[in-house]
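Just so it is clear: chains get the letters A, B, ... in the order the sequence lines come, proteins before strands, and each one is counted from 1.
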2 protein chains.
Amino acid sequence: MIQAIDRAAKVLSSLQGARHLGITELSAELGLPASTVHGIVKSLQGHGLVAQEPGGNRYMLGPALLKLSNVYLDTLDVRARAMRWTLELARRTGLSTRLGVQLFDEVIIIHHNQRPDGSQQMPETGLSVPAHASAMGKVLLAYNPEYATGLLGRSLRTLTGATITDPTQLAIQFASIADFGIATEEDEAVLGESSVAAPVVDTRGNVIAAVAVVIPSSQWPPEPDVLNSLRETARNISRELGASTWPPRAPQPTVLVHPKSPEPLTRPET
Amino acid sequence: MIQAIDRAAKVLSSLQGARHLGITELSAELGLPASTVHGIVKSLQGHGLVAQEPGGNRYMLGPALLKLSNVYLDTLDVRARAMRWTLELARRTGLSTRLGVQLFDEVIIIHHNQRPDGSQQMPETGLSVPAHASAMGKVLLAYNPEYATGLLGRSLRTLTGATITDPTQLAIQFASIADFGIATEEDEAVLGESSVAAPVVDTRGNVIAAVAVVIPSSQWPPEPDVLNSLRETARNISRELGASTWPPRAPQPTVLVHPKSPEPLTRPET
DNA sequence: GAATGCAATTCGATAATGTCGAATATCCCT
DNA sequence: AGGGATATTCGACATTATCGAATTGCATTC
């Protein structure tokens with residue numbers, strides 16, 4: 001990892017968290033001398049990745065990021081293919097749908113279809129949710145056991161009273177998700193909002209995204225119809241991407257690194 | 001400018017242009033050894049700014065950009081303030097409206113209101129247009145003469161038959177924009193589409209954004225009503241940002257560096 | 001199914017490069 | 001107008017990124 005680039009990325013990350021920061025604040029946050037941070041920030045600014053706050057001495061994220069992210073979305077094959085299917089899913093279920101990809105310990109929503117009831121809803125594309133507290137995240141983790149193992153080692157953030165942070169409990173969920181190809185989440189990220197998600201697979205069988213249906217918790221649990229439509233949507237998208245089988249083959253089970261129980265948790269063989 | 005960061009930004013920029021590139025292709029494009037490029041790309045990948053194409057050996061932009069850009073939009077004070085006014089402008093005129101900021105020689109659309117006729121239209125937020133071929137860009141350049149001078153020195157891209165690329169002609173337009181606070185563009189970026197734009201000013205009198213109304217070229221020229229509404233919108237947004245006067249004070253006129261005429265072009269004193 | 005060629009990746013020596021701390025400039029607040 | 005804080009500039013130093021050669025991995029061909 002190239003030091004200067006690593007630091008530059010950390011600067012972007014800090015600005016992402018704090019919105020507006022001066023050089024001194026940044027240097028405190030990164031534990032680096034002010035002059036070093038200054039050089040980094042100016043370099044980023046030279047490419048529009050960071051911008052001077054109008055009014056002088058503080059910095060914020062820059063407009064180049066918007067352009068890059070727009071191209072990123074255009075680049076994503078999954079997204080282009082999935083859109084028509086998630087729209088159909090939203091129509092069928094009367095619910096809002098999401099398509100998400102993994103970004104480390106989070107899920108980034110790369111496409112969002114509003115509930116077709118005509119009400120005004122906030123666009124969710126670009127939002128991120130902690131992976132362990134979302135149905136999409138659980139799907140992605142269940143099929144990415146290598147990463148999941150690491151994640152379960154760290155301590156997880158609580159978002160609502162219902163957020164599951166116990167590694168053992170999550171590992172059990174992951175195992176059953178890998179078996180059934182469906183993940184659920186009840187009020188774990190946002191109170192009053194639950195969701196169900198399914199994996200999207202590419203040609204070589206990798207899970208590269210997740211589709212989800214968002215269900216008001218008052219309507220929980222979802223109708224079997226909803227689950228079937230979701231499954232079918234995930235299968236259709238995957239097929240369009242060239243996947244031969246769906247649901248994807250179950251991965252090696254997630255292993256807890258520091259299990260409280262002596263035996264590492266494994267998925268029962270079928 | 002820190003070399004490694006500069007190169008990293010150039011990698012992002014290349015991927016922005018080409019969507020998918022291998023290490024070799026990138027190294028050819030940047031004129032650097034493959035191993036150097038590899039290090040840069042891996043560093044970016046470590047932060048999610050670049051992602052491996054599903055299927056192996058090529059790289060594309062990464063999901064972290066989407067998250068960053070979302071925060072960027074949230075961070076922008078202008079945008080939050082302007083939204084309700086541009087919506088009103090769209091309602092009043094029956095036309096689609098845009099809010100844009102400058103990114104070097106382009107304008108990035110940071111907010112877009114669709115034409116209120118109920119037809120399905122593509123969301124334009126995040127799109128970029130060459131500054132010299134758009135009304136918003138002309139506004140931003142007219143009030144940023146330092147940058148404009150440099151830009152007019154380079155050769156400008158033609159987008160449609162109507163794109164104005166002659167520096168002298170553009171410099172004349174900039175002068176009159178600075179006087180009237182309104183810029184226009186007729187089919188210069190997209191055939192059939194014309195637009196009018198006005199500057200948005202902050203507390204200290206800097207032009208930080210531009211508002212525009214997009215007009216089908218078949219309806220050109222715009223009604224006086226449209227121009228008035230646009231002006232009023234720009235003034236309202238500016239006032240909300242703390243600007244005391246609108247239109248902003250005219251800047252030092254844009255000077256041509258290599259003028260064909262012996263005298264540099266100046267705006268007639270009023 | 002083996003062999004060939006291309007591209008990605010790893011590795012280590014080199015010196016070019018970014019880093020750091022001190023000095024200076026700029027801004028804002030009293 | 002003065003003082004404090006913050007951003008910015010500068011130059012010596014040693015850490016750090018860079019580069020080319022060697023290796024691995026993949027895909028395509030025969």
Inset, instruction - Heavy atoms only: give me the nearest A171(A)-L152(A) pair and the separation to one decimal. - result: CB-CD1, 4.0 Å

Inset, instruction - Let me know, please, whether V37(B) or R204(A) comes out on the 5' side of the other along DNA chain D by nearest nucleotide. - result: V37(B)

Are the side chain of [X] and the backbone N or O of [Y] linked by a donor-acceptor pair below 3.5 Å?
X	Y	value
R79(A)	I110(A)	yes
T86(A)	R98(A)	no
W246(A)	R231(A)	no

Legend entry - Flag if over 12 foreign heavy atoms under 6.0 Å of CD, E146(B): no

Legend entry - 4.5 Å side-chain heavy-atom contact, H112(B) and L127(B): no

Legend entry - side chain to side chain donor-acceptor pair (under 3.5 Å) pairs, two or more places apart, involving residues 21-31 of chain B: S14(B)-E29(B)

Inset, instruction - Would you give a per-nucleotide map of nucleotides 8-17 of chain C, 5' to 3', where B means the base has a protein non-hydrogen atom under 4.0 Å away, S means only the sugar-phosphate does, and - means neither? - result: SSB------S

Legend entry - Whole-Å distance separating the CD1 atom of I5(A) from the C1' atom of dT19(C): 16 Å

Inset, instruction - Extract, from 5' to 3' on DNA chain D, the first and final nucleotides lying under 4.0 angstrom from some heavy atom of chain A. - result: dT6(D) to dT18(D)

Inset, instruction - Dump the intermediate steps for side chain to side chain donor-acceptor pair (under 3.5 Å) on Y59(B) and E53(B), then the final yes or no. - result: CA-CA 5 Å; Y59(B) 294 88; E53(B) 187 178 45; over 6 Å; no

